[in-house]
Trainee: 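Structure in structure tokens, see below.
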Amino acid sequence: MSTLSNSRNIFWQECPVGKHERQKLLNQKGCVVWITGLSGSGKSTLACSLSRELYSRGKLSYVLDGDNLRHGLNRDLGFKPEDRTENIRRVGEVGKLFAEAGLICIASLISPYRKDRDACRTMLSDPNFIEVFMNMPLELCEERDAKGLYKLARAGKIKGFTGIDDPYEPPVNCEIEIQQTGGFCPTPGAMAGQVVSYLENKGFLQYQ
Ligand SMILES: Nc1ncnc2c1ncn2[C@@H]1O[C@H](COP(=O)(O)OS(=O)(=O)O)[C@@H](OP(=O)(O)O)[C@H]1O
Ligand SMILES: Nc1ncnc2c1ncn2[C@@H]1O[C@H](COP(=O)(O)OP(=O)(O)O)[C@@H](O)[C@H]1O
């Protein structure tokens, strides 16, 4: 296996313990559940609820949350388009490692640009990349404004805020869409249940 790289004279080192053995050990299949949506749409809420539900079923997952990763791995990145692209690329690569380890990796990032999400899909190979679209109206997210950022963006104190003066490109080919029904948002447990049902139906929660 080789990837494009700036380094020269490097070789891929195979390890005798492979992905299938790890998956067998865990009785699950590694994948990345990629949660995308506006700030305040409920990405972190779903990620936490899903992780808890999987844990209660004896399944190992790990959450990669955009906000949290920007405290460490991605602390050098801002919100310019090229920084967001690099942010998504890095998290895609880390997600791929977790999936290789046999874990159900839950990545929750705004990931506003379609081409960046699609690049992660290509990196992971299709069935192992499960895109979840938090399809919540901007008005609801802005009303929630849990961190007070929409208010600052509307006041012009934050520039390039997603949904206000920076674009959000909704998925066209997502596996799962979470949305309101009859004007009500599903509960965190119901949102997680929707994803767990998908994982169960597609055979990710067992090894065979
Ligand atoms: N300009 C701008 N636009 C959008 N969001 C902003 C911005 N500045 C700071 N924040 C806060 O950063 C969180 C989003 O980080 P992500 O890594 O998920 O963003 S991205 O995927 O690279 O677009 C996001 O967290 P969530 O609210 O959880 O989505 C915000 O709290
Ligand atoms: N399904 C839900 N029902 C009710 N409130 C929710 C739901 N999902 C998220 N919230 C609330 O909305 C706010 C933003 O949610 P959060 O998960 O932080 O969004 P994001 O990670 O997309 O920014 C929080 O105050 C959270 O409690």
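As the structure is a computational prediction, the values presented were derived from the model and not from experiment. One-based numbering, in listed order, for ligands and for the atoms of each.
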Trainee: Looking at S108 and D65, what are the two nearest heavy atoms and their distance?
Mentor: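 Scanning both residues, the minimum pair turns out to be OG-OD2, 2.8 Å.
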Trainee: How far is atom 25 (O) of ligand 2 from the closest protein heavy atom, and which atom is that?
Mentor: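 Atom 25 (O) of ligand 2 sits closest to the protein heavy atom A146 CB, 3.9 Å.
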Trainee: For ligand 1, which atoms sit closer than 4.0 Å to a heavy atom of P112?
Mentor: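 In order of numbering, the contacting atoms are 21 (O), 23 (O).
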Trainee: Using a 4.0 Å cutoff against the non-hydrogen atoms of S39, which atoms of ligand 1 qualify?
Mentor: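 So the answer, numbered in order with elements, is 26 (P), 27 (O), 29 (O).
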Trainee: With heavy atoms only and a cut-off of under 4.0 Å, state how K43 meets ligand 2: side chain, backbone, both or neither.
Mentor: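 Answer for K43: both.
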Trainee: Give me the residue, atom name and distance of the protein heavy atom closest to atom 23 (O) of ligand 1.
Mentor: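 Closest protein heavy atom to atom 23 (O) of ligand 1: R84 NH1, 2.8 Å.
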Trainee: Write out the residue and atom name of the closest protein heavy atom to atom 16 (P) of ligand 1, then the distance separating them to 0.1 Å.
Mentor: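 Minimum-distance protein heavy atom for atom 16 (P) of ligand 1 reads R70 NE, 3.6 Å.
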Trainee: What protein heavy atom is closest to atom 4 (C) of ligand 2, reported as residue, atom name and distance in Å?
Mentor: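 Here the nearest protein heavy atom works out to R144 NH2, 4.0 Å.
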Trainee: Below a 4.0 angstrom heavy-atom separation, can you tell me which part of L149, side chain or backbone, both or neither, approaches ligand 1?
Mentor: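 Looking at L149 and ligand 1, just side chain atoms fall under 4.0 Å.
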Trainee: May I ask you to list the atoms of ligand 1 that are less than 4.0 angstrom from any heavy atom of I88?
Mentor: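 Those qualifying, in numeric order: 21 (O).
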Trainee: For ligand 2, which atoms sit closer than 4.0 Å to a heavy atom of M191?
Mentor: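 Once the distances to M191 are compared, the set is 1 (N).
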Trainee: At a 4.0 Å threshold, what atoms of ligand 2 neighbour a non-hydrogen atom of S39?
Mentor: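 Per the distance check, 23 (O).
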Trainee: Which residue holds the protein heavy atom closest to atom 23 (O) of ligand 2, what is that atom called, and what is the gap in Å?
Mentor: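 Ranking protein heavy atoms by distance from atom 23 (O) of ligand 2, first comes G40 N, 2.7 Å.
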Trainee: For atom 20 (S) of ligand 1, tell me which residue out of L109, L69, N87 has the closest non-hydrogen atom.
Mentor: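 Residue with the shortest heavy-atom distance to the ligand atom: N87.
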Trainee: Can you find a non-hydrogen atom of D65 under 4.0 Å from ligand 2?
Mentor: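 Contact check D65 vs ligand 2: negative.
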Trainee: Please compare I110, D145, T162 and report which has the shortest non-hydrogen distance to atom 5 (N) of ligand 1.
Mentor: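 Closest candidate by heavy-atom distance is I110.
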Trainee: Using non-hydrogen atoms of the residue, decide whether P188 is closer than 4.0 angstrom to ligand 2.
Mentor: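 Under 4.0 Å: yes for P188.
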Trainee: Ignoring hydrogens, just give me the one of L38, D145, T45 whose non-hydrogen atom is nearest atom 15 (O) of ligand 2.
Mentor: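 Comparing heavy atoms across L38, D145, T45, the nearest one to atom 15 (O) of ligand 2 lies in T45.
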Trainee: With distance as the sole test, does S51 use its side chain to make a donor-acceptor pair with the main-chain N or O of A47 at under 3.5 Å?
Mentor: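 Judged by distance alone, no pair lies under 3.5 Å.
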Trainee: Measure M134 to ligand 2 on non-hydrogen atoms and call it side chain, backbone, both or neither using the 4.0 Å cut-off.
Mentor: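 Neither part.
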Trainee: State, to 0.1 Å, how close L199 and C31 come at their nearest heavy-atom pair, and which atoms those are.
Mentor: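 Minimum heavy-atom contact is CD2-SG, 4.2 Å.
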Trainee: For ligand 1, which atoms have a heavy atom of K147 less than 4.0 angstrom away?
Mentor: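 Listed by number with element: 25 (O), 26 (P), 27 (O), 28 (O), 31 (O).
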Trainee: Of the protein's non-hydrogen atoms, which lies at the shortest distance from atom 12 (O) of ligand 1, and what is that distance?
Mentor: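 Nearest protein contact, heavy atoms only, for atom 12 (O) of ligand 1 is F79 CZ, 3.2 Å.
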Trainee: Can you name the atoms of ligand 1, numbered from 1 with element, that are less than 4.0 Å from a heavy atom of G160?
Mentor: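 Counting atoms of ligand 1 from 1, those under 4.0 Å from G160 are 1 (N), 2 (C), 3 (N).
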Trainee: Can you pull out the closest protein heavy atom to atom 19 (O) of ligand 2? Residue, atom name and distance to 0.1 Å, please.
Mentor: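 Of the protein heavy atoms, G42 N, 3.0 Å lies nearest.
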Trainee: Just to be sure I read this right, does ligand 2 sit under 4.0 Å from the backbone of C185, its side chain, both, or neither, counting only heavy atoms?
Mentor: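 It is the side chain that gets close, since no backbone atom is under 4.0 Å.
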Trainee: Backbone, side chain, both or neither: what part of P186 comes under 4.0 angstrom of ligand 2, heavy atoms only?
Mentor: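 Near ligand 2, P186 shows its backbone, while the atoms from C-beta on stay back.
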Trainee: One residue to check: I110. Relative to ligand 2, which of side chain, backbone, both or neither has a non-hydrogen atom less than 4.0 Å away?
Mentor: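 Within the 4.0 Å criterion, I110 makes no contact with ligand 2.
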Trainee: Run down the list D65, D116, D67, N68 and name the one with the heavy atom closest to atom 24 (C) of ligand 1.
Mentor: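 That would be D67.
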Trainee: By number and element, which atoms of ligand 1 are closer than 4.0 Å to a non-hydrogen atom of F161?
Mentor: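 Here the atoms of ligand 1 in question are 1 (N), 2 (C), 3 (N), 4 (C), 5 (N), 6 (C), 7 (C).
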